[in-house]
J.: 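Sending over a structure as structure tokens; questions will come in a sec.
In this chain, numbering begins with 1 at the start of the sequence shown. The figures here come from the full heavy-atom set of this structure, side chains too, leaving out hydrogens, waters and symmetry mates. Everything quoted here is computed from the prediction, not taken from an experiment.
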Amino acid sequence: MPRLVFSDSDLGRVRFAVLPFQETLKAARGLGLPAPPPGLAAWRHAGRAALPAAARPVVALCSAHPRHLPDFLTPQPAAGPMTFEDELHAALDDPAAPVLQDTAAFAGVLETVPPVVGTLLRHPTRARRALRDAFAAFHRAVLAADWPRLRAQLAADVAYRARLAARHGVEAMLATLCPPHVRWEHPYLEFAGPVAPDYALGGRGLVLVPSMFLTDGVHRQLNDRQQPMLFYPARTAGAFWRDSGGRDWPDGRLAGAVGERRAAVLRALARRSGRGTADLAAALGVTPATASAHVANLRRAGLVVTTRVARTARHELTPLGWDLLDLNAG
């Protein structure tokens, strides 16, 4: 198994990131591979049906190799939250990005070079602009409607692992990161993949990125330009896709903890934060007065916070609310 080599300073520089554009890359990969990654067959059928012609180059690029992409598509993540547009801009609008160099290296590991890669090699600037439009079309058609629910699962994964690291240490968190694909034995983090020389992190640390679409192993991004990154399956991905992509959330233990209706409120707010009372009532199929009463009880329990925008109340989960969802996920 390939190994990342940690120093003590690397252990102190491990961080997490939730990256919507990187999820778009993984989703496009899932659509284009010859066989769907585990759990994604039903989603893939629907995604292919929704895919516009303008987005097909994205699928061809992201599935040209099962593990690799041109490095310029995975730029250094910022320290704070990033939107899809933030990442898309960083990946495809930076004139200093070595697009030609990275694409040539990528083409060198391909058995068959798809037309989109050939265009990037011949006309990198023009092709990058076209690719930006194709990614935007893909995200809009295939992912945008589901992103709030996907983001909730990714945020829950990060919260769980952050708590684990805080309570038991970073090494304990790494030891349970993604069995059987990842194994920790100080100072090595081994991960499934082709044989390769050990890679020393060199004091730069590691960015850990959960994915809902990477259900068949881990991917890594290792180069000299940026902090190393490791993408791994989110811990709730299997259950999420088994539950029809999260569209029919089972009540399970959460309903036992707070009651069926209040569990439904928490899940509705996880799907889309900032709902108004009328919107929440419509989503739950109850009257606004009933929805308001459930929210009030959850607010008193510290699970929901309400803010006002003009005359409209907007409801969001608190960190404790996210924690409760995380503890009862899957």
J.: Measuring from atom CG of Asp102 to atom OG1 of Thr74, what distance do you get when rounded to the nearest 0.5 angstrom?
T.: 9.5 Å
J.: Is a side-chain N or O of Ser63 found less than 3.5 angstrom from the main chain of Val59, in a donor-acceptor match?
T.: yes
J.: Do Glu87 and Leu19 make a side-chain contact, defined as non-hydrogen atoms from C-beta onward lying under 4.5 Å apart?
T.: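 They are in contact (side-chain heavy atoms under 4.5 Å apart), so the answer is yes.
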J.: Using 4.0 Å as the upper bound for N to carboxylate O, is an ion pair formed by Asp146 and Arg271?
T.: no
J.: My understanding is that only residues two or more places apart in sequence, or in another chain, count here; which of them pass side chain to side chain contact (heavy atoms under 4.5 Å, CB included) with Ala64?
T.: Phe106, Leu110, Pro114
J.: Taking the six-membered ring for Trp and the full ring for Phe, Tyr or His, determine whether the centres of Phe84 and Trp147 are under 6.0 Å apart.
T.: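 They do not qualify: ring centres at least 6.0 Å apart.
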J.: Okay, side chain of Thr24, backbone of His139: is any donor-acceptor separation there less than 3.5 Å?
T.: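 Checked: no pair found.
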J.: Would you mind checking if Arg272 and Asp279 are paired as a salt bridge, meaning a charged N to carboxylate O distance below 4.0 Å?
T.: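 Salt bridge flag = yes for Arg272 with Asp279.
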J.: Is the count of non-hydrogen atoms from other residues, nucleotides or ligands lying under 6.0 Å from Glu185 atom CD greater than 12?
T.: no
J.: Are Leu208 and Met82 joined in one hydrophobic group, where the rule is that I, L, V, M, F, W and Y side chains link up if heavy atoms are under 4.5 Å apart?
T.: no
J.: Linking I/L/V/M/F/W/Y whenever their side-chain heavy atoms sit closer than 4.5 Å, directly or via other members, would Leu154 and Leu40 fall into one cluster?
T.: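 Result: yes, single cluster for both.
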J.: Taking the basic N atoms (NZ, or NE/NH1/NH2) and the acidic carboxylate oxygens, is any pair closer than 4.0 Å for Asp10 and Arg204?
T.: no
J.: Hydrophobic clustering (ILVMFWY, side-chain heavy atoms < 4.5 Å, transitive) - are Phe231 and Leu150 grouped together?
T.: no
J.: Look only at the side chain of Ser273 and the backbone of Leu269, and say whether a donor-acceptor pair between them is shorter than 3.5 Å.
T.: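 Absent.
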J.: Backbone N or O of Leu31 within a donor-acceptor pair of the Arg48 side chain at under 3.5 Å?
T.: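 Yes: the side chain of Arg48 pairs with the backbone of Leu31.
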J.: Could you tell me whether a side-chain N or O of Arg183 sits under 3.5 Å from a main-chain N or O of Ala192, the two making a donor and an acceptor?
T.: no
J.: Are the side chain of Gln153 and the backbone N or O of Ala237 linked by a donor-acceptor pair below 3.5 Å?
T.: no
J.: Determine whether the aromatic ring centres of Tyr188 and Phe6 lie less than 6.0 Å apart.
T.: no
J.: Can you find a pair of side-chain heavy atoms, one from Tyr232 and one from Leu214, that are under 4.5 Å apart?
T.: no
J.: Given side chains that start at C-beta, do those of Leu266 and Trp322 come closer than 4.5 Å, heavy atoms only?
T.: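 Leu266 does not reach Trp322 side chain to side chain.
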J.: Quick check: do Leu61 and Leu25 have side-chain heavy atoms less than 4.5 Å from each other?
T.: no
J.: Test of understanding: clusters of I, L, V, M, F, W, Y form through side-chain heavy atoms closer than 4.5 Å, transitively. Do Leu177 and Val18 belong to the same one?
T.: yes
J.: Would Arg235 pass as a cation-pi partner of Tyr160, given that its NZ or CZ must be under 6.0 Å from the six-membered ring centre and within 45 degrees of the axis?
T.: yes
J.: Would a distance-only check, ignoring hydrogens and angles, find a side-chain to backbone donor-acceptor pair under 3.5 Å from Thr103 to Val99?
T.: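 Yes; at least one donor-acceptor contact below 3.5 Å.
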J.: Could you grab the distance from atom OG1 of Thr176 to atom CD of Glu171, nearest 0.5 Å is fine?
T.: 12.0 Å
J.: Any side-chain donor-acceptor pair under 3.5 Å between Glu23 and Ser211?
T.: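 Glu23 vs Ser211: donor-acceptor pair found between side chains.
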J.: Answer yes or no: is there a side-chain heavy-atom contact under 4.5 Å between Pro233 and Pro210?
T.: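 Not in contact.
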J.: Do Asp198 and Leu4 touch side chain to side chain, with heavy atoms closer than 4.5 Å?
T.: no
J.: Ignoring hydrogens and angles, tell me if any N or O in the side chain of Arg44 forms a donor-acceptor pair with the backbone of Leu33 under 3.5 Å.
T.: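 Yes, the answer is positive, given that a donor and an acceptor are paired below the 3.5 Å cut-off.
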J.: Does Arg126 offer a backbone N or O that forms a donor-acceptor pair with the side chain of His123 under 3.5 Å?
T.: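 Here the side-chain-to-backbone pair does not exist.
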J.: Could you check if a side-chain atom of Arg122 sits within less than 4.5 angstrom of a side-chain atom of Leu100, using non-hydrogen atoms only?
T.: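 SC-SC contact between Arg122 and Leu100 ruled out.
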J.: Taking atom types as modelled, find out whether Thr306 and Arg299 have a side-chain donor-acceptor pair closer than 3.5 angstrom.
T.: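 Side chains of Thr306 and Arg299: pair found under 3.5 Å.
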J.: Answer yes when Arg161 and Asp157 have at least one side-chain N-carboxylate O distance shorter than 4.0 Å, and no when they do not.
T.: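 Salt bridge between Arg161 and Asp157, a charged N being under 4.0 Å from a carboxylate O: yes.
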J.: Is the count of non-hydrogen atoms from other residues, nucleotides or ligands lying under 6.0 Å from Arg132 atom CZ greater than 12?
T.: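 Enclosed: over 12 neighbouring heavy atoms sit under 6.0 Å from CZ of Arg132.
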J.: Taking Phe213 as the starting point, is it possible to reach Phe16 by hopping between hydrophobic residues whose side chains are less than 4.5 Å apart?
T.: yes
J.: Any side-chain heavy atom of Arg140 sitting closer than 4.5 Å to one from Pro52?
T.: no
